[in-house]
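One structure is given here, and the rest of the page talks about it.
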Amino acid sequence: MVQASLFDSAQDGEHLALTDASVSYYPDFYDKTTADTLFRILENETPWRQEQIIIAGLKRSQPRLSAWHGDANAHYTYSGLHLNPLPWSPALLRIKRDIELRIPSLLSSNFNSVLLNYYRDQQDSMGWHSDDEAELGPKPVIASLTLGCSRVFAMKHKSHKGLHYKISLVHGSLLIMSGDTQQHWLHAIAKEKEACQPRINLTFRTIFPLLAG
Ligand SMILES: O=C(O)CCC(=O)C(=O)O
Ligand SMILES: [Fe+2]
C-alpha cells in the first residue's frame with residue numbers, strides 16, 4: 001500500500017487559465033491555525049521599514065512596510081531602492097521548506113531570497129508592476145504566500161488591453177507565477193474601500209547576482 005504523504009494535497013493547486021502566463025493557486029496551502037501562528041511570528045519578528053522609492057523621478061514613501069531577507073549575496077534593486085538581505089529566520093526557512101516539500105518542482109528554482117510586504121490596512125497598496133528586474137533572470141519563478149486579511153490581486157496583460165483578471169488571495173494561500181507571466185502581465189494590490197486588517201505577503205524569489213543590471 002502506498003502511504004499517503006502529508007503533502008498529497010499539492011493536487012489542490014489550480015492552474016489559472018490565462019493567456020501568456022503560468023499562474024497556479026493553492027488556497028489551502030496552510031490551515032488556519034498554522035497560518036495564524038506564522039502571521040503572529042512574522043508580524044512581531046520582522047524589522048519592518050517604510051522605504052523611500054523613486055517613481056517617475058519623484059521620491060516617495062512606499063504605501064506599505066517591507067523587509068528583504070535571503071542569502072548574503074542576494075542583493076535586489078528596484079525603483080531606485082537597493083536592498084541588502086537580512087539573514088533567514090527559522091520561520092522564513094520553515095515556510096521555504098514547506099513550499100519546496102509540497103511542490104517539489106520548485107526545488108530546482110533554488111529560492112535564495114524573500115520579499116516581505118506588510119499592508120497595515122485598506123489604505124496600503126502596491127502599484128502596477130512586473131517582477132522583471134534583470135537579476136531575477138528571464139522567466140522568474142515567484143512563490144507568493146498570503147497571511148492575514150484577504151486582498152484582491154489584480155492582473156492585466158501588457159498589450160491585450162481587454163485581458164485582465166482578479167483573484168482574492170486568502171489567509172494561508174500560495175500563488176505561483178512562472179514562465180512568461182512577468183514578461184506579459186502586470187500585477188497590483190489596490191487600496192480597498194472596506195476596512196481591512198493587516199496582511200503579510202511573502203514572495204520567494206531567485207536572485208542571480210551576476211545578471212544584475
Ligand atoms: O502582496 C502581494 O500579493 C503582491 C506582492 C508583489 O507583487 C511583490 O512583492 O512584488
Ligand atoms: Fe510583484
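In this text, all values refer to a predicted model and were calculated from it rather than measured experimentally. Order of listing sets the numbers, starting from 1, for every ligand and every atom in it.
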- Find all atoms of ligand 1 within a distance of less than 4.0 Å from any non-hydrogen atom belonging to N117, and give their numbers and elements. 9 (O)
- Item | Steps toward side chain to side chain donor-acceptor pair (under 3.5 Å) verdict (S61, Q50) | CA-CA 7 Å; S61 295; Q50 186 166 22; 4.6 Å; no
- Any N/O of Y119 closer than 3.5 Å to an N/O of ligand 1? yes
- Could you tell me whether H129 and H187 have their ring centroids closer than 6.0 angstrom? yes
- Query: R205 heavy atoms, cut-off 4.0 Å: which ligand 1 atoms fall inside?
  - Reply: 8 (C), 9 (O), 10 (O)
- Message: Out of all atoms in ligand 1, which are within 4.0 Å of some heavy atom of D131? Include the element for each.
- Response: 10 (O)
- Taking atom 7 (O) of ligand 1 as the point of reference, which of R151, R64, H187 owns the nearest heavy atom? H187
- Query: Which residue and non-hydrogen atom of the protein lie closest to atom 6 (C) of ligand 1, and at what distance in Å?
  - Reply: M126 SD, 3.3 Å
- Among the N/O/S atoms of D131, select the one at the shortest distance from the Fe ion (ligand 2) and name it. OD2
- Query: Does a side-chain N-to-carboxylate-O contact under 4.0 Å join R102 and D98?
  - Reply: no
- Does any N or O in the side chain of H75 come within less than 3.5 Å of the main-chain N or O of N84, such that one atom is a donor and the other an acceptor? no
- Closest approach of any protein heavy atom to atom 3 (O) of ligand 1, naming residue and atom: R199 NH2, 2.8 Å
- Note on the structure: So the atoms of ligand 1 within less than 4.0 Å of a heavy atom of L115 turn out to be 9 (O)
- Message: Check the orientation of F29 and Y26. Use parallel for under 30°, tilted for 30 to 60°, and perpendicular for over 60°.
- Response: perpendicular
- Query: Near N201, which atoms of ligand 1 are under 4.0 Å from a heavy atom of that residue?
  - Reply: 1 (O), 2 (C), 3 (O), 4 (C), 5 (C)
- Just by modelled atom types, is the A74 backbone N or O under 3.5 Å from a matching donor or acceptor in the W68 side chain? yes
- Item | Charged tip of K156 within 45° of W185 ring normal and under 6.0 Å | no
